[in-house]
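Since the structure comes first, as structure tokens, the remarks are kept for the end.
In this text, all values refer to a predicted model and were calculated from it rather than measured experimentally. Below, chain A is the first sequence line, B the second, and so on; all start at residue 1.
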There are 2 protein chains.
Amino acid sequence: MKSETLKLENQICFKIYTAEREITKLYRELLKELNVTYPQYLVLLLLWEKHSLSVKELGQRLFLDSGTLTPMLKRMELNGLVERKRSEQDERSVIVSVTEKGEALKEKAECIPDQLVDNIPMGKDELTILNKTLTSMLEQLQDHSK
Amino acid sequence: MKSETLKLENQICFKIYTAEREITKLYRELLKELNVTYPQYLVLLLLWEKHSLSVKELGQRLFLDSGTLTPMLKRMELNGLVERKRSEQDERSVIVSVTEKGEALKEKAECIPDQLVDNIPMGKDELTILNKTLTSMLEQLQDHSK
DNA sequence: AGTTATTTAGTTGTACACAATTTAATTTTA
DNA sequence: TAAAATTAAATTGTGTACAACTAAATAACT
């Protein structure tokens, strides 16, 4: 009885591991035209909303640390999508803001959520339940990782 | 109405992306003693069951290609966990088999599923639903990625 | 004020993950 | 059977992820 639960947990972890890569693969196609990766797209989603955020704030929202963000933001800067400059109030902070070129991608990206839905056709009820389950799962995982 | 679904899909993708990293982080702790990563642990799970599998078979089961597997298996070989040798029937294939040292890890790994469950305490019903939902989601994603 | 502790990015090193290409072996087919 | 197509790994190059560490700035404390 317990062992079934064990196997189920194991399977779920593997499926999340696999699903993440399949989702990234799907985004890779959808984002190819924009020449950005999925994590870069996530950064842009935030900057399209707020225009400017510190590396720390980006990290808090995306659950990524500077070891991941710094080189990624440098690549985005190199591609002209964002600007990075030290905060004047607090020289420890680096403020990342979206450039005109980065802003221009917003329109091109408008169709992405629609295409996403086309590729993962699921009922709204099912989506709602999945969302809720993942949320509580994440809370537990993140609680523990502190 | 549609736009809610769009946002939901987006959120779910982000949550799967995040959950995958949290799960990997959890496994990293649990596997530290064994000195293997989560993907390496997945390889070992298969080899504990079958003893020998070709790179192709491993790839089919884990949905990984040789670009990922070859260097990973070489690291595992370097650590003495597996052996790699060309198949005699078909010189294109490389057969990966678990060594004694790799086999010995099986006992140490016995407690991992239990510890996993301790860290993600979810009801069995919820787990069952989550498993089913992820399965159908994966099928659709993998159907499309061909 | 001066010292200590904390915070914020950046750096270094390791390990996936995958697209694209290459190489060698095996099948298929003309 | 010889040429063409396919298959299986390996290789190359790019981009995350993250642990561990460093450097600089700010905050907290005595």
Is there a donor-acceptor pair under 3.5 Å between the side chain of T70(A) and the backbone N or O of S66(A)? yes

K74(B) atom NZ is separated from dA17(C) atom C1', nearest whole Å, by 17 Å

Could you give the CZ-to-C1' distance, from R21(B) to dC18(D), as a whole number of Å? 10 Å

Take atom CD in Q115(A); do more than 12 heavy atoms of anything else shown fall under 6.0 Å from it? yes

Counting any heavy atom closer than 4.0 Å, what does K32(A) reach on the DNA or RNA strands: base, sugar-phosphate only, or nothing? nothing

Round to the nearest Å and state the distance from K85(B) atom NZ to dA9(D) atom C1'. 16 Å

dA8(D), OP1 or OP2 - any side-chain N/O from R86(B) closer than 4.0 Å? no

Not counting sequence neighbours, list each pair that qualifies as a ring pair (Phe, Tyr, Trp, His ring centres under 6.0 Å) and has a residue in residues 37-85 of chain A. Y27(A)-Y38(A), Y27(A)-Y41(A), Y38(A)-Y17(B)

Could you please name the option among dC18(C), dA9(C), dA9(D) that lies closest to any side-chain atom of V94(B)? dA9(D)

Are S93(A) and dT26(D) close enough that a side-chain N or O sits under 4.0 Å from OP1 or OP2? no

Respond yes when some side-chain nitrogen or oxygen of Y17(B) is under 4.0 Å from OP1 or OP2 of dA17(D), and no when none is. yes

Please check this pair: side chain of N79(A) against backbone of L81(A), looking for a donor-acceptor N/O pair closer than 3.5 Å. no

Output the rounded distance in Å from CG (D90(B)) to P (dA25(C)). 10 Å

Decide yes or no, distance alone: a donor-acceptor N/O pair under 3.5 angstrom between the base of dG10(C) and the side-chain of S66(A). yes

Polar contact flag, side-chain donor to acceptor under 3.5 angstrom, S87(A)-E91(A): no

In whole angstroms, the gap separating P of dA15(C) from CG of L64(B) amounts to 16 Å

Counting side-chain heavy atoms from C-beta on, which of dT16(D), dA15(C), dG10(C) comes nearest to Q40(B)? dA15(C)

Interatomic distance where CD belongs to E57(A) and C1' belongs to dT7(C) [whole Å]: 14 Å

For a quick check of understanding: with a heavy-atom distance under 4.0 Å over all strands, which category does L69(A) fall into, base, sugar-phosphate or nothing? nothing

Among dC18(C), dA9(C), dA25(C), which nucleotide sits nearest the side chain of R92(B)? dA25(C)

Selection from dA8(D), dA17(C), dT7(C) that lies nearest to any side-chain heavy atom of K56(B): dA8(D)

How many whole angstroms separate atom CG of L53(B) from atom P of dA8(D)? 14 Å

N/O (side chain, T37(A)) to phosphate O (OP1/OP2, dT16(D)) under 4.0 Å: yes

Any side-chain N or O of R84(B) below 4.0 angstrom from OP1/OP2 of dA10(D)? yes

Other residues, nucleotides and ligands only: do more than 12 of their heavy atoms fall within 6.0 Å of CD on Q60(B)? yes

Can you tell me the distance, in whole Å, between the CG atom of L31(B) and the P atom of dC16(C)? 11 Å

So what does T68(A) hit on the nucleic acid, given a heavy-atom distance under 4.0 Å: a base, only sugar-phosphate, or nothing? base

Touch class at under 4.0 angstrom, heavy-atom based, for R28(B) against every strand present: sugar-phosphate

Sugar-phosphate, base or nothing in reach of Q60(B), heavy atoms under 4.0 Å: nothing

Assuming nearest nucleotide by heavy-atom distance, tell me which of M72(A) and E88(A) is located more 5' along DNA chain D. M72(A)

With a 4.0 Å cut-off on heavy atoms, is T24(B) in touch with a base, just the backbone sugar-phosphate, or nothing at all? nothing

